[in-house]
Chemist: 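Below you'll find the structure I mean.
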Amino acid sequence: MFILKLLIVHFLGDFTFQPNKWIKKRNKKGIASKYLYYHMLVHFVLSLLFFITELQKYFPGIVVIILLHYAIDVVKIYVCNKEVLSEFKLFLIDQFLHVLTIILVCNYYFPFEFKFQDLVSEKILLIITTTILIVSVTPIIIKVFFQRWENDMNFDSKESLKNAGLYIGIIERIFIVLFININFYEGIGYLLAAKSIFRFGDLTNAKDKKLTEYILLGTLLSFILAIVIGLILKQTLNS
């Protein structure tokens, strides 16, 4: 219950009650921006409301979270202005640090027993291996497979988002592996049908037969690899 309240406060403060105007202004002016302190005030007020009946007990923890939240946001503003990392990567790191802060404060009030063995259990290692296969290995296999036609794949990509195809492939493979491991095999068919519908326009309008073949081959190869990985994971987990 304690950690859920803190997470609700965090999500409300960082997403629901933080207008884009505040983010732009504080990124521009940094610690001199009043909106940075408005943001901290929102988090503080929400924390008080959620812990009003237990304020005396949890007030020090709330203050620690607010202060660390402020420090993390200040560093984020500095890094953002330096353009060292992409906005998406910065967002993920920022949210990870905020949630980690909440977990550490929760551990102070409600200590949990941590065993390193829990991080290296067989199932965890299998899931990590599967994730690496889906995200890193499979795209390279597909890329290598298409190298034989490298000179023939001069498609116009001006209207395509950078690396969009890569991310679409990763997401679809994650879904396929998930569907297999929850015994929802119909989901693979739905996914293939949905992708076919969205790609139908490209295939219909494409005057280049090579583009059509490229899309079909890429889709089928991605699905086959994901199905094989999903089945191996399921069999290994159940054995």
Side-chain angles (χ1 to χ4, degrees), residues 1-132 134-135 170-171 174 178 181-182:
M1 182 65 74
F2 180 65
I3 191 171
L4 288 177
K5 284 185 178 181
L6 289 177
L7 287 173
I8 290 171
V9 168
H10 170 68
F11 293 139
L12 287 175
D14 255 28
F15 298 97
T16 307
F17 298 116
Q18 183 176 210
N20 288 329
K21 175 185 175 181
W22 290 16
I23 299 173
K24 291 178 181 178
K25 292 288 185 180
R26 81 183 196 194
N27 285 344
K28 184 177 180 180
K29 296 186 177 181
I31 58 174
S33 173
K34 62 183 180 181
Y35 296 104
L36 174 62
Y37 302 96
Y38 287 171
H39 180 55
M40 295 304 112
L41 182 61
V42 167
H43 275 275
F44 185 67
V45 171
L46 286 170
S47 299
L48 295 181
L49 290 174
F50 272 83
F51 292 97
I52 190 68
T53 59
E54 307 164 294
L55 198 55
Q56 186 175 357
K57 181 179 180 181
Y58 297 128
F59 187 77
I62 290 171
V63 172
V64 168
I65 290 174
I66 299 298
L67 291 176
L68 288 175
H69 194 110
Y70 173 79
I72 292 168
D73 279 7
V74 169
V75 173
K76 180 187 175 184
I77 292 169
Y78 174 79
V79 175
C80 183
N81 291 334
K82 290 291 183 179
E83 297 183 351
V84 178
L85 296 171
S86 68
E87 189 174 343
F88 179 67
K89 290 180 180 178
L90 199 55
F91 168 79
L92 292 179
I93 294 171
D94 172 67
Q95 292 302 313
F96 170 77
L97 292 175
H98 288 319
V99 174
L100 179 62
T101 300
I102 291 172
I103 292 173
L104 291 176
V105 170
C106 286
N107 185 56
Y108 174 78
Y109 286 104
F110 303 97
F112 54 87
E113 186 178 353
F114 174 78
K115 294 181 180 179
F116 181 75
Q117 292 87 337
D118 294 338
L119 291 178
V120 291
S121 67
E122 189 174 279
K123 287 187 177 181
I124 295 296
L125 291 176
L126 279 170
I127 293 172
I128 291 173
T129 303
T130 302
T131 303
I132 294 172
I134 292 171
V135 175
I170 290 172
I171 293 170
I174 290 173
L178 177 63
N181 282 271
I182 63 174

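Numbers here are sequence positions counted from 1.
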Chemist: Side chains of residues 79-93: which donor-acceptor pairs under 3.5 Å do they make with residues two or more places apart or in other chains?
Modeler:
unit_1	atom_1	unit_2	atom_2	d
Asn81	ND2	Asn27	O	3.1
Asn81	ND2	Ile77	O	3.2
Ser86	OG	Lys89	N	3.3

Chemist: Given side chains that start at C-beta, do those of Asn107 and Phe112 come closer than 4.5 Å, heavy atoms only?
Modeler: yes
Chemist: Nearest 0.5 Å, what's the CG-CD1 distance between Leu36 and Ile31?
Modeler: 8.5 Å
Chemist: Once salt bridge (charged side-chain N to carboxylate O under 4.0 Å, His left out) is applied, what residue pairs with a partner in residues 23-42 remain, sequence neighbours excluded?
Modeler: Arg26-Asp73
Chemist: Using 0.5 Å steps for rounding, measure from the CD1 atom of Ile128 to the NZ atom of Lys123.
Modeler: 14.5 Å
Chemist: For Cys106 versus Leu6, what's the shortest heavy-atom pair and its separation?
Modeler: SG-CD1, 3.7 Å
Chemist: With Tyr37, which residues qualify under side chain to side chain donor-acceptor pair (under 3.5 Å), at least two apart?
Modeler: Tyr70
Chemist: Would Gln18 and Ile23 count as a side-chain contact (heavy atoms from CB on, under 4.5 Å) if you check the C-alpha gap in whole Å, the side-chain angles of each, and the deciding distance to 0.1 Å?
Modeler: CA-CA 7 Å; Gln18 183 176 210; Ile23 299 173; 3.7 Å; yes
Chemist: Going by the rule salt bridge (Lys or Arg N to Asp or Glu O under 4.0 Å), which residues pair with Asp14 if we only count those two or more places apart in sequence or in a different chain?
Modeler: none
Chemist: Once rounded to the nearest 0.5 Å, what's the spacing between atom CG of Leu4 and atom CD1 of Ile102?
Modeler: 10.5 Å
Chemist: Starting at CD1 of Ile132, measure out to CD1 of Ile127 and round the result to the nearest 0.5 Å.
Modeler: 12.5 Å
Chemist: Within the supplied structure, the quantity of interest is the number of heavy atoms (other residues, nucleotides, ligands) at a distance under 6.0 Å from Tyr109 OH; does it exceed 12?
Modeler: yes
Chemist: Might you point out which heavy atoms bring Phe44 and Ile66 nearest each other, and give the distance in Å?
Modeler: N-CD1, 3.8 Å
Chemist: Distance-only criterion, 3.5 Å: show the donor-acceptor pairs between side-chain atoms of residues 45-65 and protein atoms not counting sequence neighbours.
Modeler:
unit_1	atom_1	unit_2	atom_2	d
Ser47	OG	His43	O	2.8
Glu54	OE1	Lys5	NZ	3.4

Chemist: Just to verify, what does Lys76 make a side chain to side chain donor-acceptor pair (under 3.5 Å) with, not counting sequence neighbours?
Modeler: none
Chemist: Rounded to the nearest 0.5 Å, how far apart are OG1 of Thr101 and CG of Leu67?
Modeler: 11.0 Å
Chemist: Measuring from His39:NE2 to His69:NE2, what's the distance to the nearest 0.5 Å?
Modeler: 3.5 Å
Chemist: Hey, does Ile72 have a side-chain heavy atom less than 4.5 Å from the side chain of His98?
Modeler: yes
Chemist: Any side-chain heavy atom of Met1 within less than 4.5 Å of one from Phe110?
Modeler: no
